[in-house]
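Worksheet: the structure to be examined is printed underneath.
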Amino acid sequence: MIITAAILEVVADIFFKEWSLKNKTLLIIIGLIFYFFASLLWAISLKYGLMSKAIVVFFVLNVLFVSLIGIVYYNESVTLVQKIGIGLGIVSLILIEI
């Protein structure tokens, strides 16, 4: 459920990025709808897991997905420090899931 919530938030972020580029009101409305459902799933997932673990997984997955989309789809550049941060995020996910 946390992974689905993170994916929905990433989709919302993509709609917001497209809105910032194209300035079409429909894109921001769709983004807000995706954020709503992501928040709803996030809240429900807290019933089934520890908040301290869930927030890290949710946040790091969100950062990883958004970073990859930004790099691949929007051709955004990433500094060495940002690459190290992304790598540390991956390590943190592995350590939390052990």
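Both backbone and side-chain heavy atoms feed into the values below; hydrogens, waters and symmetry mates do not. As the structure is a computational prediction, the values presented were derived from the model and not from experiment.
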(request) Could you check Y48 against I2 for side-chain contact (heavy atoms from CB on, under 4.5 Å), going step by step and ending with a plain yes or no? (result) CA-CA 10 Å; Y48 305 104; I2 293 172; over 6 Å; no
(request) Run the numbers on F16 and L32 for side-chain contact (heavy atoms from CB on, under 4.5 Å), then give the verdict. (result) CA-CA 8 Å; F16 288 157; L32 288 171; 3.8 Å; yes
(request) Just do the side-chain contact (heavy atoms from CB on, under 4.5 Å) check on K17 and Y74 with the steps written out, would you? (result) CA-CA 9 Å; K17 177 68 174 181; Y74 293 106; 3.5 Å; yes
(request) Could you walk me through whether F58 and E9 pass the side-chain contact (heavy atoms from CB on, under 4.5 Å) test, one step at a time? (result) CA-CA 10 Å; F58 179 78; E9 189 166 315; 2.9 Å; yes
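With rounding to the nearest 0.5 Å, the separation of CZ in F59 from OG in S92 is 9.5 Å. Rounding to the nearest 0.5 Å gives a distance of 12.0 Å between CG of L8 and CD1 of I3. Separation of atoms CD1 (I30) and CD (E18) is listed at 11.0 Å; rounding is to 0.5 Å. Atom-to-atom distance recorded for Q82:CD and S67:OG is 8.0 Å, nearest 0.5 angstrom. Between K24 atom NZ and F15 atom CZ the span is 12.5 Å, to the nearest 0.5 Å.
Taking S77 as the reference, nothing meets the side chain to side chain donor-acceptor pair (under 3.5 Å) condition, with sequence neighbours excluded. Here K47 pairs with nothing under the side chain to side chain donor-acceptor pair (under 3.5 Å) rule; sequence neighbours left out.
Cluster membership check: I90 shares its hydrophobic cluster with L95, using side-chain heavy-atom separations under 4.5 Å among Ile, Leu, Val, Met, Phe, Trp and Tyr. Hydrophobic cluster membership differs between L68 and V11, with clusters built from Ile, Leu, Val, Met, Phe, Trp and Tyr side chains linked at under 4.5 angstrom. Residues L88 and I94 do not share a hydrophobic cluster, defined by chaining ILVMFWY side chains whose heavy atoms lie under 4.5 Å apart. Placement of L64 and V81 in two distinct hydrophobic clusters is found when ILVMFWY residues are connected by side-chain heavy-atom separations under 4.5 Å, directly or transitively. Tracing side-chain contacts under 4.5 Å through hydrophobic residues (I, L, V, M, F, W, Y), one reaches V66 starting from L21; they form part of the same cluster.
Between V72 and N75, the shortest heavy-atom distance links the atoms O-OD1, 3.7 Å. Nearest heavy atom pair, residue A38 against residue A5, reads CB-O, 3.4 Å.
The closest side-chain heavy-atom distance from D13 to Y35 is below 4.5 Å. No side-chain heavy atom of W19 sits under 4.5 Å from any side-chain heavy atom of L26.
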